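Note that the structure is predicted; figures quoted are calculated from it, not measured. Quick note on labels: first sequence line is chain A, next is B, and so on, each numbered from 1. Values below: all heavy atoms of this structure, side chains included; hydrogens, waters and symmetry mates excluded.
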There are 2 protein chains.
Amino acid sequence: MGGTPRQPEPRAHRRNARGQGGLLATEIVAGALAIIDRTGSDAGVTLRSVAREVGIAAPSIYPDFANREAVILAAARYVFDDIGHAVEGAVTGLEDPVERLLAGCEAYVDYGVEHAARYRVLFSRELPGGPSGPAGPTATVGTPTVLLDDRFPPAGGEVFALLVDAIERCADAGRCRGDDPFGTALGVWVALHGMVSLWTSLGGFPWPDQRSFARHLVLAQVGIAVAQQ
Amino acid sequence: MGGTPRQPEPRAHRRNARGQGGLLATEIVAGALAIIDRTGSDAGVTLRSVAREVGIAAPSIYPDFANREAVILAAARYVFDDIGHAVEGAVTGLEDPVERLLAGCEAYVDYGVEHAARYRVLFSRELPGGPSGPAGPTATVGTPTVLLDDRFPPAGGEVFALLVDAIERCADAGRCRGDDPFGTALGVWVALHGMVSLWTSLGGFPWPDQRSFARHLVLAQVGIAVAQQ
DNA sequence: GCATGTATACTTACGCTTGTAAGTTTTTCT
DNA sequence: AGAAAAACTTACAAGCGTAAGTATACATGC
């Protein structure tokens with residue numbers, strides 16, 4: 001697997017101040033994301049490759065992360081937050097609830113398509129932290145359901161909460177049915193996620209226009225008649 | 001990474017008959033799928049692990065596959081075929097077009113949820129073979145579009161063709177709009193794929209009933225009013 | 001019935017990367 | 001100056017892909 005013939009491992013990293021050792025954790029996550037973006041998957045994220053990226057020695061990762069998987073999970077958490085910020089930025093200032101919903105959804109799709117590699121990492125494994133235990137609210141479709149509580153959601157929860165909120169605003173304005181915002185949001189999320197996932201996997205597919213397809217999916221799931229364009 | 005302390009690599013494989021060397025290719029793919037099913041991802045699929053699974057020496061894979069990636073792509077192709085057979089088996093004998101559509105979609109989701117690991121492998125990488133070149137039909141949404149031609153689709157094409165056909169039957173029977181079967185099928189596929197992908201990644205999520213949720217997604221995308229259950 | 005050519009698969013080996021343990025040096029702050 | 005945090009160096013035991021050469025069993029022709 002011969003690549004470069006053995007770099008002398010340049011140490012470009014400057015030691016952090018005392019008590020600020022945790023700063024390195026941020027740089028480690030950033031390094032992992034850089035590798036994911038560059039290589040297109042998390043397969044190349046190893047303790048050594050991340051260490052090279054950051055400019056530290058591989059064992060220096062251990063004080064911050066137990067192992068390779070912990071690094072990747074931290075990167076996934078960062079990406080979920082990043083998506084949340086992108087969506088929030090896209091909807092702030094919009095008044096019309098339907099436009100607000102659509103703008104947020106488009107921002108979600110935009111992020112996923114533009115950062116295909118890091119988006120894919122989010123859902124390439126079983127994510128931990130959910131209320132898989134005894135109880136927890138169970139969603140239903142077609143009938144009202146319990147809303148998400150504190151324990152939910154493990155990952156991507158903030159983004160999903162934004163979506164539920166946007167749909168509730170539409171319902172409050174009488175623009176869509178409001179009997180089951182959770183179930184409706186679930187349908188929208190599922191459709192948008194499917195779009196991003198397939199879009200970035202099947203590069204050769206004759207995809208329609210990204211923006212109008214995303215709007216089409218959302219409106220169909222929410223139950224608003226699709227405008228003939 | 002200490003596991004078992006060095007097995008003597010038992011050779012359980014019986015040499016194939018002359019002219020039937022290609023049989024090994026089938027066993028190699030089966031071995032790769034077994035590893036995927038057992039470990040939950042394709043990360044553990046290496047030439048050596050597959051060889052161990054099959055009972056051959058690692059270099060014996062080379063006559064059939066150029067490298068590790070080729071093995072995984074062959075496994076993906078097998079899984080696409082397998083899904084196609086599952087869907088076809090679920091719809092044969094059904095007369096009502098809407099029931100036929102729903103049954104096929106449910107079978108798709110069933111397969112994906114039941115074989116989560118191998119389904120995930122299908123879309124965990126950029127799949128080759130599409131008409132990414134100069135032309136190829138471009139789908140639109142809301143207006144009729146060119147149907148898929150011979151060059152399309154690279155992967156999962158047979159399954160997608162079944163879906164387009166099922167939707168055309170619904171349209172012919174006047175059960176849904178028929179102006180854009182390709183675009184409608186795309187919406188359905190995207191939604192179902194998103195459901196499977198999220199379902200198997202977010203194990204802790206309070207998911208609704210699998211069957212009714214799948215039907216809900218399909219009917220919403222096709223534009224048939226969702227029956228209050 | 002037996003030699004033989006050949007497809008089939010094996011053995012050995014090399015150079016590389018990986019995770020991680022153990023102990024050491026360097027920097028920073030008091 | 002001294003203590004302690006931060007990060008390094010070295011080392012080991014694996015696993016990896018793959019190149020090169022070798023053994024084995026089968027179908028065929030004599």
Visitor: Compute the bend angle of the helix from dG1(C)-dC30(D) to dT30(C)-dA1(D) from the end axes (five pairs per end), rounded to 10°.
Guide: 0°
Visitor: Measure from the side chain of A57(B), starting at C-beta and using heavy atoms only, and say which of dT20(C), dC10(C), dC8(D) lies closest.
Guide: dC10(C)
Visitor: Is the count of non-hydrogen atoms from other residues, nucleotides or ligands lying under 6.0 Å from E69(A) atom CD greater than 12?
Guide: yes
Visitor: Please report the C-alpha distance between I83(A) and L122(A) in whole Å, then the side-chain angles of each, then the deciding distance to 0.1 Å, and finally whether the side-chain contact (heavy atoms from CB on, under 4.5 Å) criterion is met.
Guide: CA-CA 11 Å; I83(A) 294 179; L122(A) 296 183; 3.9 Å; yes
Visitor: Name the closest nucleotide to the N67(A) side chain, picking from dT20(C), dC16(D), dT18(C).
Guide: dT20(C)
Visitor: Nearest of dT18(C), dT10(D), dT18(D) to any side-chain atom of P59(A)?
Guide: dT10(D)
Visitor: Among residues at least two apart in sequence or on other chains, which ones pass salt bridge (charged side-chain N to carboxylate O under 4.0 Å, His left out) with D165(A)?
Guide: R169(A)
Visitor: Ignoring the backbone of R52(A), work out which of dG19(C), dT18(C), dG17(D) is nearest its side chain.
Guide: dT18(C)
Visitor: Knowing that exactly one of F160(A), Y119(A), Y108(A) qualifies, which makes a ring pair (Phe, Tyr, Trp, His ring centres under 6.0 Å) with H193(A)?
Guide: Y119(A)
Visitor: Return the 5'-most residue of the pair A66(A), P63(B) with respect to DNA chain C, ranking by each residue's nearest nucleotide.
Guide: P63(B)
Visitor: For the side chain of Y62(B), counting heavy atoms from C-beta on, which of dG17(D), dG19(C), dA22(C) is nearest?
Guide: dG17(D)
Visitor: With a 4.0 Å heavy-atom cut-off, tell me which residues in residues 31-40 of chain B come close to DNA chain C, sorted by residue number.
Guide: none
Visitor: Could you state the atom-to-atom distance from CZ of R48(A) to P of dA11(D) in whole Å?
Guide: 13 Å
Visitor: Just call it for S60(A): base, sugar-phosphate, or nothing, with non-hydrogen atoms closer than 4.0 Å on any strand.
Guide: base
Visitor: Considering non-hydrogen atoms only, spot the tightest contact between A75(A) and L33(A) and give its length.
Guide: CB-CD2, 4.0 Å
Visitor: Could you tell me how the ring of F205(B) sits relative to the ring of W207(B): parallel (under 30°), tilted (30 to 60°) or perpendicular (over 60°)?
Guide: tilted
